[in-house]
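Chain letters run A, B, ... following the sequence lines, proteins first and then strands; every chain starts at 1.
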Amino acid sequence: MDYNFSEIEKRWQKYWEENKTFKTPEELTNPKKCYILDMFPYPSGAGLHVGHPEGYTATDIYSRYKRMKGFNVLHPMGWDAFGLPAEQYAIQTGTHPSVTTKNNCDTFRRQIKELGLSYDWEKEINTTDPKYFKWTQWIFIKLFNTWFDEKLQKGRPVSELKVPEEIKKLGKNEIVKYIRSKRLAYYDNAQVWWCPSCRIVCSNEEVLYDGSHEKCGNKVEKKNLKQWMLRIPLYAERLLTGIDKLDWPEGIKDMQRNWIGRSTGAEVDFSIEGMKEILTVFTTRPDTLFGATYMVIAPEHPLTTKITTAKYKTEVGEYIKAASLKSDLDRTDLAKEKSGVFTGRYAINPVNLKKIPVWVADYVLMGYGTGAIMAVPAHDTRDFEFAEKFKLPIVCIQDPYVTDPDQKKKIIAGRECWTEDGKYINSSDSSTGIDINGLNKEAGIEKITRWLESKNIGKAKVNYKLRDWLFSRQRYWGEPFPVIHWENGEINVLDETELPLELPELEKYLPGETGESPLANSAEWLSITDKSGRKGRRETNTMPQWAGSCWYYLRFIDPLNDNMMFDPVKEKYWMPVDLYIGGAEHAVLHLLYSRFWHKVLFDLGIVSTDEPYTRLFNQGMILAYAYENEAGAKVSADIAEELDGKFYNRETGAELRQIVAKMSKSLKNVVNPDDVVSKYGADSLRLYEMFMGPLDITKPWDDKGVKGVFGFLGRAFRFFSNPGNIVSGNEDVEILKGLHQTIKKVEGDIENLRFNTAISAMMIFINLAIKKGKVTKDTACTFIKILSPFAPHLAEEIWFMIGHEKTISFEPWPEVNEEFLKEDNFEYPVSFNGKLRFKIGLPVSMEKDEIIKIVLNDERAKKWLATGTLTNIIVVPNRIVNIVIKN
RNA sequence: GCCCGGAUGGUGGAAUGGUAGACACGCAGGACUUAAAAUCCUGUGGCCAUAACCGGCUGUGCGGGUUCAAGUCCCGCUCCGGGUACCA
């Protein structure tokens, strides 16, 4: 019978839908549960891309497998539907973003359903649905009303925050200010990145290193705007230590660790000559204090202007002004040439009471540490560069652990920078009584930190790179903040009962050039008056797209609940997410933000686990072939022509190079899943996505490859659909062995998400079955079961054809019978000096001595034994024989 | 610069320190067909040898090392991909 995939696939998709086959079990008594989650997509207008089904197929196979293993499975899908494209489209055409969003979601849903993915569609969510974002707003209110207790390392309700007596004395205003300074969400003037093209602020994370906006590629600028910020650094330590116990790819864990950027060191107070102010610096190398020959203060530092002496006022003023006009980008770009000016002021080095000059330079950033540093040019490359340029003294204080005598000499003379370990020299002072000479780095840091603490001029300190999270956008299509700014300066969040706060209808979606959100245009929505007549204005910014995706995995548990975010009983049952698959592009931001919110919710007793995602896996990107001409210019894929393995430009005849590149409209190398489905069927698409290679690597799509898996499915279908091939009686031993090897391999590979080798194992079995010509019904049933998670439509069809009436989806996964895997003989590879020479079949139970005897007496061994003297024989039972011959 | 990955036939890739190249594509030859497509069968890392077998040499980016044995472990590089950007 022909493999009519389109008819088969339609039939079973309809069956699953009508029978609600994949409805999540309601009873929560089964101790075996599995929550399997995909990173839900942003439904773009372009529709599904072949990259989407890669992760979705992987989780689907895993879900179907777990159901067959007797697990209660939660496997949902939804839409991360707030975002710029729908809003841009609204600006251009006037179409309301909700209309665009709905259309796009419909397309995505249709496409996804055509892949035969076993989602429970009753759990579908959409971040733009007021019933959903009601809870996003609700979480924001929680963040606003939470402070972080550093002692307990825990978020607590603001109602439990004790205001210090000295603040209470200062009156109501100061109390409010104090509380504001503690809330996890706060509203403040912030220097922010502004993208003039998108007319939106961006978080630090969204600005690429070349100073362009991640979303649109245009250059961003600095702006001072009032914005909502979240104090994620307070959770830095917990976010960092939490990483250790996660079953995530090590690379992603490293990226999160680097992003958090913990560094230990000390804060040291420097007194300023002629002033009572203190200049505090953060350093990871307090041990190098004796080598501090100058100081640098950031241009934005509050003390910079103050400490500048009259003589240097103009120069420093100009420098500060120039620095403020430069973006961080320019400051980074100019990294090769350091700039700076002297303030005229001196500070006192606390270890030896020497006067050292204070400079202003923009290589010191206000946003990290204290915004000022002690410069140790001999042992810090940046300081070294700066000191060389401005002829500042370089004092080496460490005899370096280096072997090259010339290099050693240079370092000690201060002509080369040494940042590694060494023995201290020049590091004692009788007037202050500190001496670390002779110690190494570790001991030096320890001793000098204790000395600083005892003198009360410094303390051990931990610093993080992680900064406050800029949490507002000047956009229409996002969650409105449930916030009112009153005319007297008070800021309130709405009462939970007033949620959701929905978006108003607008005529114009264009944001203002100055950073005004389009919501400011809606006068009616904007203004509000309370019972006592006090006037207020709603917050016009909206939340960034991260907001909805930060907690969506929680809503999937109970998406229709109108009274609660979710039923805690259900949350306790399903959480944490057991397997989470998505692209590595979310390695830092989404996953870090999401973990942060989760930890806050955990502290408030809202969720029952400390981490949301137990096991994470990143699928690799799918690329496609593209073409370029001799000069390296890209040529559109539709004018490339293949001839005898070479590629030519169809129009000019010039030879082209085939390269691998990201799919893009301009290269015309985008593969549309719909086309693949109509040509080969969803099962083939699913199988090919998995067969291409390991799930986590980047790999190129090759249409020819689909033919391979299509052929496999066709052969399997034709074989099992022919009643003459399915026989009764005892099964052939080779088939039994092959079958059980396959079950074992497929099971192990699914657990480890190695679907490519699982598929190849099934191909091997089908090749064997076809060679043998027939199998028993038991064998057919068993094989179809293990194939079913991969090619569910085809499996259901055959399952039905060989006489079953119910879906295969909940059939128990076959057990491996080790009996069938036992071998009587093992074919030993016999090598001489590591080189394979011949093979010999021997019983698996044979003793080493016996094996050696037989091998040495083998006719074929003689030739090699004659080449030298036998010195050693290694026999690894049931693995290898290696004979060592010396000439 | 720093931190992570990676490099295996013409291609995608497979290989608990133990038979390198499973499986698939492509290609070549054959069967079926008037023909093509589809399907089926056979072969397929490179080099050498042979009438044909039997066979030999070589081979996992490069250079060293450990080991009876290295694609796999260690040291030193090269190239490619991802992340990051003066973080004191």
Practice prompt. Identify, between A/Ile252 and A/Met692, the residue whose nearest nucleotide on RNA chain B lies closer to the 5' end.
Written response: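 This one resolves to A/Ile252.
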
Fill in: Closest-nucleotide ordering on RNA chain B, the 5'-leading residue of A/Val884 and A/Thr284
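Taking each residue's closest nucleotide, the earlier one in sequence belongs to A/Val884.
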
Write down the distance separating the [atom1] atoms in [N] and [M], rounded off to the nearest Å.
| N | M | atom1 | answer |
| --- | --- | --- | --- |
| B/C62 | B/G71 | C1' | 15 Å |
| B/U50 | B/A31 | P | 30 Å |
| B/G64 | B/C41 | C1' | 49 Å |
| B/A15 | B/G1 | C1' | 37 Å |
| B/G65 | B/A70 | C1' | 11 Å |
| B/G45 | B/G26 | C1' | 14 Å |
| B/U66 | B/C74 | C1' | 7 Å |
| B/C27 | B/G12 | C1' | 16 Å |

To the nearest angstrom, how far is [X] atom [atom1] from [N] atom [atom2]?
| X | N | atom1 | atom2 | result |
| --- | --- | --- | --- | --- |
| A/Ile851 | B/G18 | CD1 | P | 18 Å |
| A/Lys338 | B/A88 | NZ | P | 14 Å |
| A/Arg754 | B/A15 | CZ | C1' | 10 Å |
| A/Lys699 | B/A14 | NZ | P | 10 Å |
| A/Lys461 | B/A88 | NZ | P | 13 Å |
| A/Asn258 | B/C4 | CG | P | 8 Å |
| A/Asn833 | B/U58 | CG | P | 12 Å |
| A/Leu466 | B/A85 | CG | P | 13 Å |

Nucleotide forming a Watson-Crick or wobble pair with [N], both distances under 3.5 Å:
| N | answer |
| --- | --- |
| B/A37 | none |
| B/G43 | B/C27 |
| B/C79 | B/G6 |
| B/U16 | none |
| B/G71 | none |
| B/G59 | none |
| B/A85 | none |

Indicate, with a heavy-atom threshold strictly under 4.0 Å, whether [X] touches base, sugar-phosphate, or nothing.
| X | result |
| --- | --- |
| A/Trp864 | sugar-phosphate |
| A/Arg718 | sugar-phosphate |
| A/Pro694 | sugar-phosphate |
| A/Gly251 | sugar-phosphate |
| A/Ser831 | nothing |
| A/Arg262 | nothing |
| A/Ile883 | nothing |

Is any NZ, NE, NH1 or NH2 atom of the basic residue among [X] and [Y] found under 4.0 Å from an Asp or Glu carboxylate oxygen of the other?
| X | Y | result |
| --- | --- | --- |
| A/Arg754 | A/Asp749 | yes |
| A/Asp383 | A/Lys338 | no |
| A/Glu54 | A/Arg686 | no |

Nearest-nucleotide pick for [X], side chain only, options being [options]:
| X | options | value |
| --- | --- | --- |
| A/Met255 | B/G18, B/A88, B/G83 | B/G83 |
| A/Leu365 | B/U84, B/G13, B/A88 | B/A88 |
| A/Tyr625 | B/G13, B/A88, B/U11 | B/U11 |
| A/Ile874 | B/G12, B/G18, B/A88 | B/G18 |

Fill in: Distance test, side-chain N/O of A/Thr698 to OP1/OP2 of B/G6, below 4.0 Å
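A/Thr698 to B/G6 OP1/OP2: no side-chain N or O under 4.0 Å.
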
Discussion item. At less than 4.0 Å, is any side-chain N or O atom of A/Lys465 found next to OP1 or OP2 of B/A85? Yes or no.
Written reply: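 False: A/Lys465 side-chain N/O out of range (4.0 Å or more) of B/A85 OP1/OP2.
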
Over 60° means perpendicular and under 30° means parallel, so classify the ring planes of [Y] and [X], tilted if in between.
| X | Y | value |
| --- | --- | --- |
| A/Phe783 | A/Phe720 | parallel |
| A/Phe832 | A/Phe838 | tilted |
| A/Tyr3 | A/Phe717 | tilted |
| A/Phe386 | A/Tyr294 | parallel |

Item to complete: Could you tell me if the ring centre of A/Trp248 sits under 6.0 Å from that of A/Phe617?
Response: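 Between A/Trp248 and A/Phe617, the centre distance exceeds or equals 6.0 Å.
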
Discussion item. So that I know where these two stand, are A/Phe826 and A/Tyr828 an aromatic pair - ring centroids less than 6.0 Å apart?
Written reply: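 So the answer is yes for these two rings.
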
Worksheet item: Ignoring hydrogens and angles, are the base of B/C68 and the side chain of A/Asn882 linked by a donor-acceptor pair under 3.5 Å?
Response: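 Checked by distance alone, the answer is yes.
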
Worksheet item: Is B/G9 in the syn range, within 90° of 0, or in the anti range?
Response: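 Syn for B/G9; the angle stays within 90° of 0.
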
Worksheet item: A/Thr283 and side-chain contact (heavy atoms from CB on, under 4.5 Å): which partner among A/Ile373, A/Val268, A/Leu289?
Response: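 The passing option is A/Val268.
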
Discussion item. Using 0.5 Å steps for rounding, measure from the OG atom of A/Ser760 to the CZ atom of A/Phe691.
Written reply: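 If we round to the nearest 0.5 Å, A/Ser760:OG and A/Phe691:CZ are 6.0 Å apart.
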
Response to the item:
Whether each nucleotide of nucleotides 19-29 of chain B has a protein heavy atom under 4.0 Å at its base (B), only at its sugar-phosphate (S) or at neither (-) is summarised, 5' to 3', as B--BBSSS---

